[in-house]
Amino acid sequence: MPINLLHRHVLEDHISGFETNANPNHLSVIRRPVIFSVLAHAGYEAAVAEALRKADDIASRYCNPSEFLAVSQTAGAGSVAEFLTAIPGASFVDQSDGFVLMAISGPSVRSILSKCLAVDLHPDTFGEGHSAAMMCCHVAANVARTGPNAFELLVPRSFAGSVFDELMEAGRAHALTRGFAD
Amino acid sequence: MASLITCPHCGTRPKEEFSIRGAAAPKRPSPAAKDEVWHRYVYIRDNPKGRILEYWHHVAGCRRWLVVDRDNFTHEVFGVMDASDFERARVVE
Ligand SMILES: [Zn+2]
């Protein structure tokens, strides 16, 4: 008997039902991003960081001096792997199924996130393009600033539901809406 | 305040992101060291009140081992460094 494997997003059940138009404060879940974990070998840390930073359709997320997450919403897993293979002193592994990518933006985004994070997100200390691993809703997440009022969160797949629910709760006072990106 | 630790890789973070292992000052003896030396390393520890060096693991952040130089009485933090830098500096000494 053939088995048909269907891709079903882990937050599908959290985002089912009545859908309104996006409010200014909106949380969008990216359905199928490509996420690779990249480790730099000793002595290659700066070179690997620089190569990732220069990549065209890959966003580099900082974890620690020798570890990064390469995230792409446009490129396929194959071409990202090909790009990473060409970087000397880098080891990588596909983590696309292990993480959930959420983008949150809007005028109240910092007030919403301040209920979930214990890190100062003022642009002077956490500017555009900055990313770091931190505790978000009691889960070890990676947070990146992608705009003056826009952030991207990477959370482990098995905790995504809990983080998502807590973010929506934090955003209720600010009329935060949610939906899949497509 | 020791409730805020400035990680050299991540910036200022709440202590909830860390897990503390213990004193960083005692030096691990060589595997061939005498039983008395190992006994002293494992069981005979100081319990200082004041400035201490401790291993802290940044579990929810960079996941690196750090060495925090702090006062366990006043909670003042004097410095935080990566454990690999700490080890390297210790070998040179
Ligand atoms: Zn850290």
Side-chain angles (χ1 to χ4, degrees), chain A residues 37-46 48-49 60-69 93 95 98-99 113-145 151 153-156 158-160 162-163 166, chain B residues 1-25 27-28 30-31 52-72 74-93:
Chain A
S37 168
V38 183
L39 284 164
H41 303 181
Y44 288 89
E45 291 90 347
V48 171
S60 169
R61 301 282 179 251
Y62 175 87
C63 303
N64 68 44
S66 56
E67 189 185 347
F68 309 87
L69 289 166
V93 65
Q95 297 268 18
F99 283 99
L113 287 178
S114 68
K115 299 181 195 174
C116 313
L117 298 168
V119 171
D120 186 4
L121 293 180
H122 190 278
D124 287 351
T125 58
F126 202 90
E128 222 171 304
H130 201 98
S131 59
M134 61 184 75
M135 195 99 99
C136 175
C137 307
H138 308 282
V139 172
N142 192 286
V143 178
R145 191 187 211 115
F151 292 85
L153 305 155
L154 280 165
V155 290
S158 49
F159 292 113
S162 145
V163 172
E166 215 166 304
Chain B
M1 268 294 279
S3 57
L4 284 179
I5 298 292
T6 301
C7 171
H9 310 303
C10 307
T12 304
R13 295 303 180 84
K15 68 163 181 7
E16 283 74 17
E17 288 194 359
F18 299 85
S19 147
I20 310 172
R21 179 175 175 264
K27 246 181 175 166
R28 191 182 172 85
S30 86
I52 47 160
L53 289 171
E54 272 176 333
Y55 283 119
W56 285 51
H57 187 222
H58 198 178
V59 182
C62 57
R63 303 204 308 275
R64 298 281 293 195
W65 280 99
L66 310 171
V67 172
V68 178
D69 177 6
R70 69 181 189 101
D71 192 306
N72 63 11
T74 62
H75 297 309
E76 191 179 347
V77 177
F78 301 101
V80 185
M81 63 164 125
D82 194 281
S84 63
D85 295 333
F86 176 78
E87 257 347 282
R88 241 172 259 139
R90 184 139 83 163
V91 167
V92 170
E93 266 168 26

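Please read these numbers as outputs of a predicted model, since none were measured by experiment. Residue numbers start from 1 in every chain, and the chains themselves are labelled A, B, ... in the order their sequence lines are given, proteins ahead of strands. Note that these values count all heavy atoms, side chains included, but never hydrogens, waters or copies made by symmetry.
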Within a radius of less than 6.0 Å around [atom1] of [X], do more than 12 heavy atoms belonging to other residues, nucleotides or ligands occur?
X: B/Phe18; atom1: CZ; value: yes
X: B/Arg63; atom1: CZ; value: no
X: A/Tyr44; atom1: OH; value: no

Heavy-atom distance under 4.5 Å between the side chains of [X] and [Y], does that happen here?
X: B/Glu17; Y: A/Val119; result: yes
X: A/Pro65; Y: B/His9; result: yes
X: B/Glu16; Y: A/His138; result: no

Checklist line | Top contributor to chain B contacts, counting heavy-atom pairs under 4.5 Å, from A/Ala132, A/Cys63, A/Ser66 | finding: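 Of the candidates given, the most pairs with chain B belong to A/Cys63.
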
Check: Measuring heavy-atom distances to chain B, does A/Tyr62 have an atom under 4.5 Å in its side chain, in its backbone, in both, or in neither?
Finding: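 A/Tyr62 touches chain B through side-chain heavy atoms alone.
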
Checklist line | Minimal non-hydrogen separation, B/Ala60 against A/Met135, with atom names | finding: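 That would be CB-SD, 3.6 Å.
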
Item checked: Minimal non-hydrogen separation, A/Ala133 against B/Cys62, with atom names ->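 In this case the closest contact between A/Ala133 and B/Cys62 is CB-N, 4.5 Å.
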
